[in-house]
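Just below is one structure, and these are the notes that go with it.
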Amino acid sequence: QDDESIICDKCSGGFERQLVIGSETLEFLRRSSHENLETLSADRPSRAALMQAREVTARVRRSFLNHELKSYGVIQETLGSL
């Protein structure tokens, strides 16, 4: 597994860099991709699920930004060599 995969706790095999995500958190993330805030708030997840969702989204943002910065560096190097 790479560090950008989402796998269930049964399949994790004890990877050390792993963030174990509960089923409630995964369901909330799935719902948040297609439901509006009013619908989401009608069936609120637990605080623990929200905290896990917060950690997941922070990791995704950091990973995305890291890739974007690397791409920007490559673009700048390429432009500099023209």
Side-chain angles (χ1 to χ4, degrees):
Q1 295 290 332
D2 61 41
D3 62 350
E4 296 180 11
S5 297
I6 295 177
I7 57 175
C8 73
D9 56 346
K10 291 178 185 175
C11 300
S12 68
F15 290 107
E16 292 199 19
R17 293 176 15 170
Q18 187 78 11
L19 171 64
V20 177
I21 303 169
S23 59
E24 183 183 13
T25 303
L26 288 174
E27 178 62 17
F28 171 73
L29 291 170
R30 187 194 62 77
R31 288 179 51 220
S32 69
S33 71
H34 65 272
E35 293 182 16
N36 62 33
L37 289 176
E38 183 178 347
T39 306
L40 278 173
S41 66
D43 185 20
R44 292 182 181 181
S46 68
R47 177 171 174 77
L50 289 174
M51 297 308 288
Q52 282 186 338
R54 179 176 155 184
E55 176 63 21
V56 169
T57 56
R59 287 185 183 207
V60 168
R61 280 192 308 271
R62 281 192 301 267
S63 176
F64 176 77
L65 180 58
N66 189 29
H67 289 294
E68 287 293 303
L69 291 174
K70 287 178 184 175
S71 296
Y72 180 77
V74 169
I75 291 169
Q76 293 302 312
E77 287 178 23
T78 302
L79 290 174
S81 67
L82 294 179

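The structure displayed is predicted, hence computed values, not measured ones.
- Formation of a donor-acceptor pair under 3.5 Å by the S41 side chain with backbone atoms of L37 is found in this model.
- Linking Ile, Leu, Val, Met, Phe, Trp and Tyr residues whenever their side-chain heavy atoms come within less than 4.5 Å places L40 and L50 in a single cluster.
- When atom types are taken as modelled, the side chain of R31 and the backbone of D43 share a donor-acceptor pair closer than 3.5 angstrom.
- Of all non-hydrogen atoms in A53 and T25, the two that sit nearest each other are N-CG2, 3.6 Å.
- T57 approaches R54 most closely through the heavy-atom pair OG1-O, 3.0 Å.
- A donor-acceptor pair under 3.5 Å links the side-chain atoms of Q52 to the main chain of G22, judged by distance alone.
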- Task: Test side-chain contact (heavy atoms from CB on, under 4.5 Å) on I21 and E55 and set out the steps.
- Result: CA-CA 10 Å; I21 303 169; E55 176 63 21; over 6 Å; no
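- Heavy atoms only, all atoms of each residue included: P45 and A49 are closest at CB-CB, 3.9 Å.
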